[in-house]
Amino acid sequence: MRRRFFLENLTKMLALSLLPTIMVTVVFIMILLPSEKKTLRMDTQNNLSLIQENMDLLLNDSNKVMNMLNIPTYANSIYGILESDGLDYINFLTLRQTASQLNAIVNSRSYISSIYVYLPNSKDAYLTNSGHIYTMNDKVDENWLEVCNGEKPYRLIRRQVNLYPGIETSQDYLTVIQENSKGYVTAVNIVVSYFKRLFGSLNLKEGEIIMFVDNGNILLSTSPNPPDEKMEHYLEALNQPGNPVEFENMLVSHSHSATTGLDLVSVTPKRVLYSSVYRLMMTALITMS
């Protein structure tokens, strides 16, 4: 009888003494952990938006060239150069000035290999930042305008090509095409290896992959083996940009660039992203037990 009385009182005392700990643990699991989880999700989304802003700046140089062509006198001078059989003194000065301006952009951007400028002309000619005039039938980046054709005035094309005479090995380029209503076209050829170095400097989590997607096609990726077969499902899982969603064992974040038209998709393993949350949860459960 005494033993039973002792056990009952001991149980009550332990329950009363542990009640505050249990309540704090429950509050921690129900409120603080979801809040921490939400914070991690938003941090991932904010980082993706920041990467998008930096990418928009990198892919903005075609606007500078197109602004030059939108000056009628400037465009007419270039058209005269492309149509002429030989350069007179005035055309020579215009060509040298144009090449100098284009070279200023190329030389200030380590990731740009070359720039083309095309205005519709009877010779199918275009000029480059080096001051050379080629036609679409020349063996240097042959028929690039046809290869880079598309319906959108601003488009991005990933391609393997040789841009320089005398060099047989093709290189990997991302070509930024911008076209206006008059058919004026600028092409900025960006070396893809630059992006690989840039991606290496990103503070990505283990297993995290960031992909730059154009109409469902992966243009660039931080991983040499992006999950291309799941890209359609990842994009379907994202109803609206800015709202990360959990898909299978991944957290998928999405950001759309109105400037370039690119979709930026971040795929992070949940076990990595929420590792700190899981540790806190285990600590809370051990404390409660």
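Side chains included, hydrogens not; waters and symmetry mates left out as well; all remaining heavy atoms used.
Side-chain contact between Ile177 and Leu145 is absent, with no heavy atoms from C-beta onward closer than 4.5 Å.
No more than 12 heavy atoms of other residues, nucleotides or ligands lie within 6.0 Å of CD in Glu146, so this atom counts as exposed by the packing criterion.
Legend: residues meeting side chain to side chain contact (heavy atoms under 4.5 Å, CB included) with Pro120, ordered by chain and number and at least two apart, are Tyr118, Tyr184. By the side chain to side chain donor-acceptor pair (under 3.5 Å) test, Ser77 is found to be paired with no residue, residues two or more places apart in sequence or in another chain being considered. Here Glu179 pairs with Arg155, Val185 under the side chain to side chain contact (heavy atoms under 4.5 Å, CB included) rule; sequence neighbours left out. For Asp172, the salt bridge (Lys or Arg N to Asp or Glu O under 4.0 Å) partners are Arg158, not counting sequence neighbours. Taking Glu142 as the reference, Lys139 meet the salt bridge (Lys or Arg N to Asp or Glu O under 4.0 Å) condition, with sequence neighbours excluded. Annotation: side chain to side chain donor-acceptor pair (under 3.5 Å) contacts of Ser130 (sequence neighbours excluded): Thr128, His132. Residues meeting the side chain to side chain donor-acceptor pair (under 3.5 Å) test with Ser113, sequence neighbours left out: Tyr164. Under the rule for a side chain to side chain donor-acceptor pair (under 3.5 Å), the partners of Asn103 that lie at least two apart in sequence or sit in another chain are Asn129.
Of all heavy-atom pairs between Ile115 and Ile112, the closest is CG1-CG2, 4.2 Å. The heavy-atom pair separating Leu95 from Ile81 by the smallest distance is N-CD1, 3.6 Å. Closest of all the heavy-atom pairs between Leu82 and Ala125 is CD1-O, 3.7 Å. Across all their heavy atoms, Ser266 and Leu48 have their closest contact at CB-CD1, 3.9 Å.
The ring pair (Phe, Tyr, Trp, His ring centres under 6.0 Å) pairs that include a residue from residues 48-105 number zero, where partners must be two or more places apart or lie in different chains. For residues 83-93, every residue pair satisfying the salt bridge (charged side-chain N to carboxylate O under 4.0 Å, His left out) rule, not counting sequence neighbours, is listed here: Asp85-Lys123.
For the atom pair CD1 of Ile157 and CG of Asn217, the computed distance is 11.5 Å after rounding to the nearest 0.5 Å. Rounding to the nearest 0.5 angstrom, the gap separating the CE atom in Met66 from the CG atom in Asn180 is 4.5 Å. Here Leu264 contributes atom CG and Leu50 contributes atom CG; the two are 11.0 Å apart, rounded to the nearest 0.5 Å.
Taking the six-membered ring where the residue is Trp, Tyr126 and Trp144 present perpendicular rings, their angle passing 60° and hence far from 30°.
Asn107 places no side-chain N or O within 3.5 Å of a backbone atom of Ala104 that could act as its donor or acceptor partner.
Under the 4.5 Å side-chain heavy-atom criterion for Ile, Leu, Val, Met, Phe, Trp and Tyr, Ile71 and Ile90 are members of distinct hydrophobic clusters.
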Please list every donor-acceptor pair under 3.5 Å in which a side-chain atom of residues 55-62 meets a protein atom from a residue at least two apart or in another chain.
residue: Asp56; atom: OD1; partner: Ser257; partner atom: OG; Å: 2.7
residue: Asp56; atom: OD2; partner: Ser257; partner atom: OG; Å: 3.2
residue: Asn60; atom: OD1; partner: Asn63; partner atom: ND2; Å: 2.4
residue: Asp61; atom: OD1; partner: Arg109; partner atom: NE; Å: 3.2
residue: Asp61; atom: OD1; partner: Arg109; partner atom: NH2; Å: 3.4
residue: Asp61; atom: OD2; partner: Tyr111; partner atom: OH; Å: 3.3
residue: Ser62; atom: OG; partner: Gln178; partner atom: OE1; Å: 2.7

Would you give me the side-chain donor-acceptor pairs under 3.5 Å for residues 186-199, sequence neighbours excluded?
residue: Asn189; atom: OD1; partner: Arg159; partner atom: NH2; Å: 3.1
residue: Asn189; atom: OD1; partner: Thr175; partner atom: OG1; Å: 2.8
residue: Asn189; atom: ND2; partner: Ser114; partner atom: OG; Å: 3.0

